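Because the structure is a prediction, the values reported are computed rather than measured. Reckoned from all heavy atoms, side chains included, excluding hydrogens, waters and symmetry mates. This chain uses plain numbering: 1 for the first residue, then up along the sequence.
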Amino acid sequence: MKICLMCDLHLPFDKDALQYDVLEWAIADIERKNPDCIACVGDVTCDGNVDVYKWFIERMKSINIPFLFIPGNSDLRCKESFNEIKGLCSKCENDFGDVKVFAVNDCDRTVSDDQFELIEKADEKSIVFMHHPITGLSSQNCEKMLDWQNRHKNAMLFYGH
């Protein structure tokens, strides 16, 4: 399975900013590589601008390659859009043939019990994406995730931040 991983774009409101040129270059490269999936693991925006976040999602969907995305901590910087952006994410469990790909929404440094239950299904063919490294999670979630990782040594874990 070929996956392109994106993270920490920190797109500002100003669409003339250099980050948008870099994004278009990355999209052209992704289209040339024709992966099975694109995973964006957070910090799409620099300040939690919900319009920028939604624009990004639509732009990525327009290239017609399966796209998984989770917000990051920078995407939560605006109190007015915090809950809306936190809710804009791919479902946690995704199937690509015989490969399970999990998109763990840990943008607020927590992993929900529902997500922990889902990632328990991970095996040697599974891929788990998060935004934060395990040690960046809340202390309780860090312990649970380290325990999970110890019990799922063959599952692949990737994160941004």
Side-chain angles (χ1 to χ4, degrees), residues 1-11 23 26 30 35-61 63-161:
M1 178 173 196
K2 186 171 20 173
I3 297 176
C4 285
L5 177 68
M6 300 175 80
C7 62
D8 298 277
L9 299 169
H10 295 279
L11 297 173
L23 174 61
I30 289 168
D36 300 299
C37 174
I38 303 165
C40 182
V41 297
D43 285 355
V44 169
T45 70
C46 64
D47 59 2
N49 185 303
V50 71
D51 293 329
V52 170
Y53 199 87
K54 288 178 178 179
W55 175 88
F56 171 76
I57 292 169
E58 292 307 311
R59 177 65 182 100
M60 295 307 295
K61 286 180 177 179
I63 63 176
N64 294 318
I65 296 172
F67 174 58
L68 303 176
F69 56 96
I70 55 175
N73 58 298
S74 290
D75 299 317
L76 304 183
R77 287 186 175 154
C78 178
K79 290 178 184 171
E80 292 77 27
S81 61
F82 179 98
N83 288 329
E84 185 174 3
I85 287 181
K86 188 176 178 191
L88 290 172
C89 61
S90 297
K91 64 181 184 170
C92 183
E93 184 179 358
N94 304 273
D95 292 311
F96 292 89
D98 63 346
V99 177
K100 283 208 178 296
V101 179
F102 297 92
V104 178
N105 186 356
D106 67 320
C107 58
D108 59 0
R109 299 181 56 231
T110 63
V111 178
S112 71
D113 290 340
D114 290 344
Q115 290 182 111
F116 270 116
E117 186 177 318
L118 289 172
I119 64 175
E120 280 300 323
K121 301 175 188 178
D123 61 18
E124 68 278 352
K125 293 181 183 177
S126 298
I127 302 168
V128 178
F129 290 109
M130 301 172 59
H131 177 66
H132 292 95
I134 293 174
T135 56
L137 297 173
S138 68
S139 58
Q140 180 184 11
N141 277 220
C142 177
E143 289 177 29
K144 283 177 73 174
M145 198 66 202
L146 287 170
D147 177 61
W148 174 89
Q149 188 179 39
N150 190 47
R151 291 181 291 104
H152 296 84
K153 291 183 187 305
N154 294 323
M156 291 178 275
L157 174 63
F158 298 92
Y159 49 85
H161 201 59

Crowding at CD, Q140 (>12 non-hydrogen neighbours, <6.0 Å)
no
What one should report as the nearest heavy-atom pair of I65 and P35 is CG2-O, 3.5 Å
Heavy atoms only: give me the nearest M130-V41 pair and the separation to one decimal.
O-CB, 3.4 Å
Nearest heavy atoms of V44 and D75, plus distance in Å:
N-OD1, 3.0 Å
Non-neighbouring partners of E117 that pass salt bridge (charged side-chain N to carboxylate O under 4.0 Å, His left out), sequence neighbours left out
none
Test item: F102 and Q115 side chains (from C-beta on) under 4.5 Å apart, heavy atoms
no
Counting only heavy atoms not in K2, do more than 12 fall under 6.0 Å of its NZ?
yes
Measuring from atom CD1 of I85 to atom CG of N105, what distance do you get when rounded to the nearest 0.5 angstrom?
11.5 Å
Which residues pass the side-chain contact (heavy atoms from CB on, under 4.5 Å) test with R59, not counting sequence neighbours?
E24, I27, W55, S62, I63
Just to verify, what does F158 make a ring-ring contact (aromatic ring centres under 6.0 Å, His included) with, not counting sequence neighbours?
F129
State whether the side chain of N94 and the backbone N or O of C92 hold a donor-acceptor pair below 3.5 Å, judged by distance alone.
yes
Any idea which heavy atoms bring M1 and D36 closest together, and the distance?
CA-OD2, 3.4 Å
How many angstroms lie between OH in Y53 and OG in S74, if you round to the nearest 0.5 Å?
11.5 Å
Only one of H131, K86, H132 passes side-chain hydrogen bond (donor to acceptor under 3.5 Å, both in side chains) with D108, and that residue is K86
When you look at OH of Y159, are more than 12 heavy atoms from neighbouring residues, nucleotides or ligands closer to it than 6.0 Å?
no
Just by distance, do the side chain of S126 and the backbone of A155 share a donor-acceptor pair under 3.5 Å?
no
Quick one: salt bridge (charged side-chain N to carboxylate O under 4.0 Å, His left out) partners of D98, sequence neighbours excluded?
K125
Verdict with reasoning, K144 to L137, per side-chain contact (heavy atoms from CB on, under 4.5 Å)
CA-CA 10 Å; K144 283 177 73 174; L137 297 173; over 6 Å; no
Sorted by chain and residue number, the side-chain contact (heavy atoms from CB on, under 4.5 Å) partners of P66 (sequence neighbours excluded) come out as F96
Heavy-atom side-chain proximity of I134 to Q149 below 4.5 angstrom
yes
Just so I know, are the side chains of I70 and D106 near enough to count as touching, which here means a heavy-atom distance under 4.5 Å?
yes
Which heavy-atom pair separates I119 from H152 by the least distance, and what is that distance?
O-NE2, 4.0 Å
Could you walk me through whether D114 and S112 pass the side-chain hydrogen bond (donor to acceptor under 3.5 Å, both in side chains) test, one step at a time?
CA-CA 5 Å; D114 290 344; S112 71; 5.1 Å; no
Between CG of L11 and CG of N49, what distance do you get to the nearest 0.5 Å?
10.0 Å
At what distance, to the nearest 0.5 angstrom, does CZ of R77 lie from CG of D43?
7.0 Å
Atom CG in L5, atom SG in C37: separation rounded to 0.5 Å?
10.0 Å
Taking every non-hydrogen atom, the tightest pair across G160 and C7
CA-SG, 3.8 Å
Rounded distance [0.5 Å steps], NZ in K54 versus CD in E84
3.5 Å
Just grab all the ring pair (Phe, Tyr, Trp, His ring centres under 6.0 Å) pairs involving residues 66-87, residues at least two apart or on different chains.
F56-F67, F67-F69
Candidate pair N73 and H161, rule side-chain contact (heavy atoms from CB on, under 4.5 Å), full reasoning
CA-CA 9 Å; N73 58 298; H161 201 59; 3.1 Å; yes
